[in-house]
There are 2 protein chains.
Amino acid sequence: MPTIKDVARKAGVSVGTVSRVLAKNDTVKQPLRERVLKAMAELDYSPNLTARALRTNRIDVLGLIIPDITNPFFAQLAKGIEMEAAKRGHSVMLSNSHDDPEAEAVQVTALCDRAVRGIIVVATHGSQVRRAVDLPIVSLDRRYGDYALVATDHFDGSGKIADHLHALGHRKIAYIAGPMSMDVAQQRKSGFVSRIEALNTPEDPIELTLHEGHFDYDSGEEIGHRILSGPQRPTAIAAASDQLAIGVLRSARDLKVDVPGELTVTGFDDITLASLVVPRLTTIRQPFEALAISAVERLFNSAEKEPGDEAIAGDLVIRETSAPPPGAKSL
Amino acid sequence: MPTIKDVARKAGVSVGTVSRVLAKNDTVKQPLRERVLKAMAELDYSPNLTARALRTNRIDVLGLIIPDITNPFFAQLAKGIEMEAAKRGHSVMLSNSHDDPEAEAVQVTALCDRAVRGIIVVATHGSQVRRAVDLPIVSLDRRYGDYALVATDHFDGSGKIADHLHALGHRKIAYIAGPMSMDVAQQRKSGFVSRIEALNTPEDPIELTLHEGHFDYDSGEEIGHRILSGPQRPTAIAAASDQLAIGVLRSARDLKVDVPGELTVTGFDDITLASLVVPRLTTIRQPFEALAISAVERLFNSAEKEPGDEAIAGDLVIRETSAPPPGAKSL
DNA sequence: CTGAAAGCGCTTACAG
DNA sequence: CTGAAAGCGCTTACAG
């Protein structure tokens, strides 16, 4: 590999001059600059990034720590981050924490040692911040330590679902929340409940029943079964996640309850499966792109005033599982 | 950040000595070593990896270029690679080529400039290798240039499916291949066909019809429809991918053809959806882990004799979509 | 505008 | 066994 020295010799200039044309911003006179450019081309020279990093003490790499790249949601995030970083000429270093706080701590340290430009972390459950680091860090989706968080506006999204259901005419609704130990689950639930409460009037009352499960298919199926076999069957079930909702869909199929004819079902997240399932699921689409862009942006603007948390709204995606309740007047 | 110099001063030794205890292998006498260790601990020292890299001209980072991390298959691969790299104390730098040969070329160059230890690339379609690089490179799943390829043994896997179908008693089989422009599709098809041919005897003849589609749900649904509406309906349909197979499943549901009672359906890949779909799909599980491990291993052993391609066998996963043909004697 | 030189933080022969 | 010193390939004041 040719070095800056080789280029300098070939062009008959000093290494300082070569470095200056590399930096572009400086004013190297035309004739010299051309000789240098020519020499670089002929030698197929490209600067040693490691040396540059050592000298300037900064490297154009971002660190990303996520629980599991195999989770489609995180994969989407990772893709968005990689693209946004690439736009700025940065690469991204990826680590899977496997939702293990221990591993996460090690990875944060490793990234610090590599002196990356900054780190984006989707925290594990129960992650602990070891030592203070000097790098900019931003939490994404799930908060890491005390660092500012960029996340979907779960409260708002659930509210949109509530509005949608209400507008469709549903007045007998069941909500299946995620585990209350999780922030997301709480936020989604309270967004839904508070919107319903706001919509609820004495003249046009809404019946809302609350259930709690885990964010997975089986939980949805089990709870769906229970709700649908019960005496007072609701006309709509809003689930706190797509996985829950898809479980509900299964239970409905099992019990021969027609969706959306007899029952409306909604989810949250818009995982790939949501549009693959039959009928296709009405849900809230998480703003992957906006989340990724904002997180990367913060790393680059970290010099500025410490920005607070950011909640980004997701869009309501109306598909085939939501419709007016049976017997409703057509709209 | 404290440097090696600070440690040396604090311990009252030379930087060379500190460096030697860092390297471990060397013999620094006990008393000195302890003083150094103590100084490092007190200063919370960790070596500057960039400086080390510049000096030693090697960095403990692997490059990974894949078409799209959002594709579950690639995500699995990426995860395996990251874990295997971590075991060896290496990080991985991830790039999405978006199946764009142009972007891919840029990314290879970028990784070379960063002087990573080696690069694993899942090639785009029509990727072209620009200039020769001095780093070890290995192709994964899809060949990049002339570099050795580590991939699933598609031929073998399809043969296993053929065996499975034959053993169940199916003698009237349809095979839906992927697009013949793709190597994988060809290999899977020829693996299936040649196995069937081997099994075919005058006394116990097999009827095999061949179809060609794309690797997606719609294609499977469309072709499935055609096959199942035709006059000579087969008792089994082997699809070249899970997506195709799931499309077939849909068409069967549409046409009220019971799976597996009246029709056996099989896929290839074992995507997540394969075990989520109802009934759950019988398929060939790609050996993600083994693929990842082998690819990483090759990067580390690249000094040794140039190894050739490697085809790793996947396992047959028997689930609910395969059964003896209707009217078969019970086994 | 350009060159000579120092220095980023390490590692590793070379002496002793 | 340990220290002094060179050097990895850059960038950037400092002179001129």
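So you know, we letter chains A, B, ... as the sequences are listed, proteins then strands, and number each from 1. These numbers come from a predicted model, not from an experiment.
Taking every heavy atom of both residues into account, B:Ala75 and B:Ile69 meet most closely at CB-O, 3.5 Å.
Looking only at side-chain heavy atoms (C-beta outward), B:Ile271 and B:Phe73 stay at 4.5 Å or farther from each other.
Of the candidates B:Val296, B:Leu111, B:Asn96, B:Val92, B:Val92 is the only one forming a side-chain contact (heavy atoms from CB on, under 4.5 Å) with B:Leu64.
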Pairs counted as Watson-Crick or G-U wobble with both distances under 3.5 Å: what dot-bracket string results for DNA chain D, using | for bases tied to another strand? |||.||||||||.|||
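B:Arg143 places a side-chain N or O within 3.5 Å of a backbone atom of B:Tyr147 that can act as its donor or acceptor partner. The backbone N or O of A:His125 lies less than 3.5 Å from a partner atom in the side chain of A:Asp99, making a donor-acceptor pair. At distances below 3.5 Å, not a single donor-acceptor pair connects side-chain atoms of B:Ser139 with backbone N or O atoms of B:Leu149. Counting only distance, with no hydrogens or angles, the side chain of B:Asp315 and the backbone of B:Arg285 share no donor-acceptor pair below 3.5 Å. Distance alone, capped at 3.5 Å, places no donor-acceptor pair between the A:Ser19 side chain and the A:Val15 backbone.
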Base contacts versus sugar-phosphate-only contacts with protein, heavy atoms under 4.0 Å: please encode nucleotides 9-16 of chain D as B, S and - from 5' to 3'. BBBBB---
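When rounded to the nearest whole Å, the span between CD of A:Glu34 and C1' of C:dC1 equals 16 Å. For the pair B:Arg33 CZ and D:dC1 C1', the interatomic distance rounds to 12 Å; values are reported in whole Å.
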